Amino acid sequence: MSRYNHREVEPKWRERWAASAIDRALAPDEAKGKPKAYILEMFPYPSGRIHVGHSRNYAMGDVIARFRRANGYNVLHPMGWDAFGLPAENAAMERGIHPKGWTYDNIAAMRDQLKLLGLAIDWSRELATCDVAYYKHQQAMFLAFWEKGLVYRKKQKVNWDPVDNTVLANEQVVDGKGWRSGAPVETRELEQWMFKVTAYADDLLQAIGGLDKWPDKVRLMQSNWIGKSQGAKIWWEVESAPDFLPPSPAGQPNHARDPIEVYTTRPDTLFGASFLALAPDHPLTKAIAAHNPAVAKFIEDCAHLGTSEADIEKAPKFGVDLGLRVRHPFDPNWILPVWGANFVLSTYGTGAIFGSPAGDQRDLDFANKYNLPFKPVVLPPGADAATYSVTDEAFTDDGVIYNSGFLDGLSTRDAIVRAIDELVKLDAGEATTQWRLRDWGVSRQRYWGCPIPAVHCAKCGVVPVPEKDLPIALPEDVTFDKDKPGNPLDRHPTWKHVKCPQCAGEAQRETDTLDTFVDSSWYFARFTDPNNEAAPFDKTLANYWLPVDQYVGGVEHAVLHLLYARFFTRAMRDCGYLDLPSGEPFKSLFTQGMVVHETYKSAAGAWLLPEETEVRGGGRVELKSGKPVEVGDIEKMSKSKKNVVDLDAFVADYGADVARWFVLSDSPPERDVEWTASGVKGAWNFVQRVWTLASAGDMPSPTDAPPKTIMLGEPLALRQLAHRAIQSVTDDIENFRFNVAVARCYELVNGIAKLKGDDEASRWVRGEALRILAQLIAPFMPHLAEECWEALGGQGFVATATWPVADPQLAARTTVTLPIQVNGKKRAEIEAPAGAPEADVREMALKHPSVVQFLEGQTVRKVIVVADRIVNIVAN
RNA sequence: GCGAGCGUGGCGAAACUGGUAGACGCAGCGGACUUAAAAUCCGUUCGCCGUAAGGCGGUGCGGGUUCAACUCCCGCCGCUCGCACCA
């Protein structure tokens with residue numbers, strides 16, 4: 001028996017696996033009836049180095065991939081790099097390194113690190129989104145989407161990040177700040193390339209219902225983001241307007257005196273209307289502000305409102321009478337005032353609402369503040385029409401309509417339909433559907449991204465680059481200068497000057513590049529055929545592998561990446577790239593928790609790496625200075641807070657298996673796990689213990705027949721334990737309960753260590769149990785498992801051995817321990833054969849001495865026997 | 001404010017569709033081996049009362065349903081995440 005030396009063992013097996021190419025996914029025609037399993041972790045951005053926190057995501061995917069392979073699946077488990085993006089340009093500006101060199105150096109370093117983990121990845125399929133070989137297909141797809149009408153250009157207000165000097169999508173603005181830079185976002189008007197995500201809005205929403213293997217939380221976030229609402233547009237005729245608004249010329253749209261269009265989900269409350277309210281930047285509000293100082297001031301006041309959460313919450317409702325009057329659609333004599341109001345959003349609906357105070361809290365607050373009249377029109381269930389009133393709490397639920405003319409007596413639901421019918425009849429409105437989801441602006445004014453294949457020609461306008469002229473490669477001779485903001489592509493002396501593909505005249509290339517979320521919207525499809533030069537991927541290969549059977553990644557991508565990918569698969573399908581009837585890229589999604597770690601701050605206030613500190617006496621001190629260290633919050637491992645444990649160093653000290661085992665034990669996978677020294681110790685001890693047992697060398701080989709003697713007592717108990725462990729671990733992996741699977745492995749090891757006997761049966765059973773153990777831990781600790789498997793005389797790799805199947809005879813319980821309760825309190829235990837008839841169990845329970853004692857002087861009223869579970873005697 | 005989730009020993013946590021609360025790991029305590037330490041091994045560890053057998057209490061708090069509640073229902077408290085006046 002020797003001490004386990006991971007420094008030799010781990011590289012040895014990685015070399016052998018690579019030499020045998022066991023991780024290579026088989027082509028469909030090689031698979032010979034094996035079912036396919038596509039396992040994918042969200043691919044990393046090559047930021048520089050990997051820390052142990054990253055390893056959890058890959059370890060989880062790897063457990064599933066190895067488990068599926070052992071269960072006879074043809075597994076595709078690839079890895080690649082989300083390699084375009086801003087940090088490369090920032091590095092270029094700060095350190096004078098070219099983004100390309102920086103990125104590929106990082107990829108090389110991180111690839112080496114990832115390989116240390118011993119992941120069962122088909123490295124022959126590796127890709128990087130910044131390879132021309134990758135993005136040229138993206139350009140071709142862009143053209144196909146364009147032709148299909150899914151790409152268009154639009155001049156619109158955009159979110160401008162003044163630090164990154166680029167446009168951000170709505171999804172990329174968090175709390176009014178850029179998601180990456182954290183700088184307050186400004187508004188600019190720019191001509192943008194758009195992807196028509198809204199073309200699939202309904203399908204993207206409907207299909208969420210079919211994603212039954214996604215976390216509910218993510219499904220909810222997706223549907224909230226899409227935000228479908230059904231309602232009505234209503235046109236309110238202007239009765240009178242300030243004199244400075246010119247009279248409406250016939251046939252001119254969007255004129256100041258045209259009817260005001262309002263969106264509502266509650267046309268049933270129309271009879272409760274008391275005013276109209278327009279957003280501060282509604283065109284009409286602006287037109288009036290030009291002549292009315294009070295309105296101008298109102299707009300000014302709104303602009304000064306902060307955008308942070310607290311500001312919005314605290315902001316009181318306020319507004320200004322715009323001096324316009326409109327007619328109620330159902331009663332031409334009913335005149336309502338039009339106000340500007342700060343709580344009306346120009347970006348949602350039509351930027352105008354009608355206020356129905358009794359049925360909407362905001363409207364009610366507003367009406368109360370400005371003494372606008374209101375009356376209740378929805379009677380809550382059970383309320384009395386004669387006495388019911390609304391003062392400062394609106395009733396927003398469904399009820400029965402009253403005080404509402406022809407709508408009286410209808411339910412909310414029926415009244416909505418009836419009101420819309422009437423609006424249509426009067427030509428004053430129509431039913432409509434409103435979405436929160438907006439089209440995806442993909443233009444980025446950056447260098448390190450996929451060039452958009454378009455040319456601007458003075459004569460022909462915006463012209464697509466013909467597919468035969470692809471790829472449009474990024475020029476490498478660009479300059480990065482902190483003092484010159486904006487896009488280096490745009491500054492390049494020659495790159496953008498081209499001939500128009502249509503008229504051959506002088507023209508200019510598009511210098512915007514694509515949002516990097518585009519790159520990650522189809523990489524999973526490229527993995528199915530990563531070296532295809534003629535096409536993004538072969539249709540039959542994509543059809544074979546897609547959808548991804550198990551996708552693993554962080555919740556932080558619950559909205560952006562997943563929504564874009566879902567859009568992309570639909571667009572690719574409709575452009576003929578693949579079939580994928582569901583349109584869904586990811587069949588099953590698992591969002592894993594993060595690895596968190598304490599943070600340390602030096603006396604001087606600088607963040608410290610864990611290895612720069614140590615525990616001395618009662619506290620933690622800085623190694624260099626010996627000064628005490630402030631122990632901060634436990635946070636997600638991140639470079640900026642320095643609370644990271646570098647993977648290379650850790651693997652050198654403890655081995656990859658310890659890291660893998662640790663991040664999967666203790667905490668449920670969906671919850672965060674704290675990286676601690678004690679947890680590492682537990683994993684390390686386990687590795688040593690398993691090896692000590694497996695290398696004892698007194699076991700018979702797997703081919704030896706089981707001993708003929710009837711197995712009883714301890715050897716039988718261990719066999720049963722081992723076979724139950726197979727059942728449990730199999731089930732636990734299947735259901736992402738890795739922490740429980742780990743606990744079952746500990747139990748099995750404890751059981752093996754306990755069986756000390758030197759007799760034939762004990763030795764044979766130990767051998768069997770250890771081989772089972774090696775197989776069960778193989779998905780988690782592949783190197784150790786191989787070493788044990790070999791020591792135990794296993795054939796071939798444990799990695800490719802067929803997953804063990806529990807002997808049902810052994811796994812089944814023959815006897816069960818039944819607790820006996822009297823009046824719900826446990827008073828005794830009995831051993832009974834499994835599945836014993838209820839009458840027998842009942843009799844045994846009632847005869848038990850402790851039970852008899854407890855029942856003394858009482859009458860048994862009822863005996864509840866739950867088979868193989870519990871007995872409860874009710875008595876008094 | 002709206003929505004979702006969570007709350008169990010000193011710590012991370014288990015507990016199948018309601019059926020022995022605390023599996024497993026860490027830390028602790030006691031012991032063996034050792035000159036000693038490390039490593040390893042054995043035992044023990046929810047609280048209270050009791051020498052013990054045993055009893056009582058216990059899954060954030062208060063109520064309820066049930067023979068039986070960590071689990072289901074109602075009302076609070078606390079924490080985490082998402083959304084943000086969405087008409």
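Per chain, numbering begins at 1; letters A, B, ... match sequence-line order. Bear in mind that the values here come from a model prediction, so they are computed numbers and not experimental data.
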> What's the gap between B:rU44 and B:rC24 when it is taken at their P atoms, as a whole Å value?
11 Å

> Which nucleotide, B:rU40, B:rC86, B:rC24, lies nearest any side-chain atom of A:Asn685?
B:rU40

> Assign A:Val344 to base, sugar-phosphate, or nothing according to its heavy-atom contacts below 4.0 angstrom with the strands shown.
base

> Whole-Å distance between B:rA15 P and A:Ile870 CD1?
18 Å

> Classify the nucleic acid contact of A:Glu829 as base, sugar-phosphate or nothing, counting any heavy atom under 4.0 Å across all strands shown.
base

> Under a 4.0 Å threshold between the charged nitrogen and the carboxylate oxygen, would A:Arg266 count as salt-bridged to A:Asp360?
no

> Here's a test of your reading of the structure: between A:Val742 and A:Gly824, which maps to the more 5' nucleotide of RNA chain B?
A:Val742

> Taking atom P in both B:rC70 and B:rC61, compute the distance separating them and give it to the nearest angstrom.
12 Å

> A:Lys681 side chain N/O closer than 4.0 Å to the phosphate oxygens (OP1, OP2) of B:rA27?
yes

> So what does A:Lys826 touch, heavy atoms closer than 4.0 Å: a base, only the sugar-phosphate, or nothing?
base

> Tell me if B:rG62 is syn or anti. Syn = glycosidic torsion within 90° of 0, anti otherwise.
anti

> Pick the P atom in B:rG10 and in B:rC49, then give their distance to the nearest Å.
16 Å

> Touch check for A:Leu220, heavy atoms < 4.0 angstrom, all strands: base, sugar-phosphate only, or nothing?
sugar-phosphate

> Taking the same atom, C1', in B:rC83 and in B:rG75, what whole-Å distance lies between them?
26 Å

> Give me the distance, rounded to whole Å, that separates B:rC48 from B:rC11 when you measure between the P atoms they each carry.
15 Å

> Across all strands shown, which nucleotide pairs with B:rG3 by Watson-Crick or G-U wobble geometry, both distances under 3.5 Å?
B:rC81

> In terms of side-chain geometry, is the basic nitrogen of A:Asp216 or A:Arg219 positioned less than 4.0 Å from the acidic oxygen of its partner?
yes

> Between atom CZ in A:Arg827 and atom C1' in B:rA68, what is the gap in whole Å?
14 Å

> Do A:Tyr348 and A:Gln434 make a side-chain contact, defined as non-hydrogen atoms from C-beta onward lying under 4.5 Å apart?
yes

> Is a side-chain N or O of A:Asp672 found less than 3.5 angstrom from the main chain of A:Met594, in a donor-acceptor match?
yes

> Does A:Thr817 reach a base, just sugar-phosphate, or nothing at all? Heavy atoms under 4.0 Å.
base

> Check this one for me: any side-chain N or O of A:Arg689 less than 4.0 Å away from OP1 or OP2 of B:rA39?
no

> Is A:Arg436 close enough to B:rC83 that one of its side-chain N or O atoms is under 4.0 Å from OP1 or OP2 there?
no

> Of the options B:rC24, B:rU20, B:rC26, whose atoms approach the side-chain atoms of A:Tyr746 most closely?
B:rC24

> What's A:Asp731 touching, base or sugar-phosphate or nothing? Going by heavy atoms closer than 4.0 Å.
nothing

> Side chain of A:Gln821 only, please: which of B:rG19, B:rG82, B:rA15 is the nearest?
B:rG19

> With a non-hydrogen cut-off below 4.0 angstrom, is A:Arg671 in contact with a base, only sugar-phosphate, or nothing?
sugar-phosphate

> Any donor-acceptor pair, under 3.5 Å, between the side chain of A:Lys317 and the base of B:rC85, if you only look at N and O atoms?
yes

> Would you indicate, yes or no, if B:rA87 has its OP1 or OP2 atom less than 4.0 angstrom from a side-chain nitrogen or oxygen of A:Tyr348?
yes

> Once you apply a heavy-atom cut-off of 4.0 Å, does A:Gly679 come out as touching a base, just sugar-phosphate, or nothing?
nothing

> Applying the side-chain contact (heavy atoms from CB on, under 4.5 Å) test to A:Leu563, which of A:Gln222, A:Met221, A:His557 qualifies?
A:Gln222

> Is the distance between the ring centroids of A:Trp675 and A:Phe650 less than 6.0 Å?
yes

> If you compare every side-chain N and O of A:Arg724 against the phosphate oxygens of B:rA23 (OP1, OP2), does one of them come in below 4.0 Å?
no

> Between A:Gln821 and A:Arg827, is the side chain to side chain contact (heavy atoms under 4.5 Å, CB included) condition met? List the steps.
CA-CA 5 Å; A:Gln821 295 180 335; A:Arg827 297 300 179 186; over 6 Å; no

> Does A:Lys825 make a side-chain N or O approach to OP1 or OP2 of B:rG57 shorter than 4.0 Å?
yes

> Does A:Ser667 make a side-chain N or O approach to OP1 or OP2 of B:rA13 shorter than 4.0 Å?
yes

> OP1 or OP2 of B:rC86 less than 4.0 angstrom from a side-chain nitrogen or oxygen of A:Arg362, does that happen here?
yes

> With a 4.5 Å heavy-atom cut-off, do A:Asn342 and A:Lys317 have their side chains touching?
yes

> Are A:Asn739 and B:rC24 close enough that a side-chain N or O sits under 4.0 Å from OP1 or OP2?
no

> For A:Phe854, report the nucleic acid contact type (base, sugar-phosphate, nothing); a contact means any heavy atom under 4.0 Å.
sugar-phosphate

> If you only use heavy atoms from C-beta on, which nucleotide in B:rA87, B:rC81, B:rA23 is closest to the side chain of A:Lys217?
B:rC81

> Taking the side chain of A:Ala743 as its heavy atoms from C-beta onward, which of B:rC24, B:rG19, B:rG3 lies nearest to it?
B:rC24

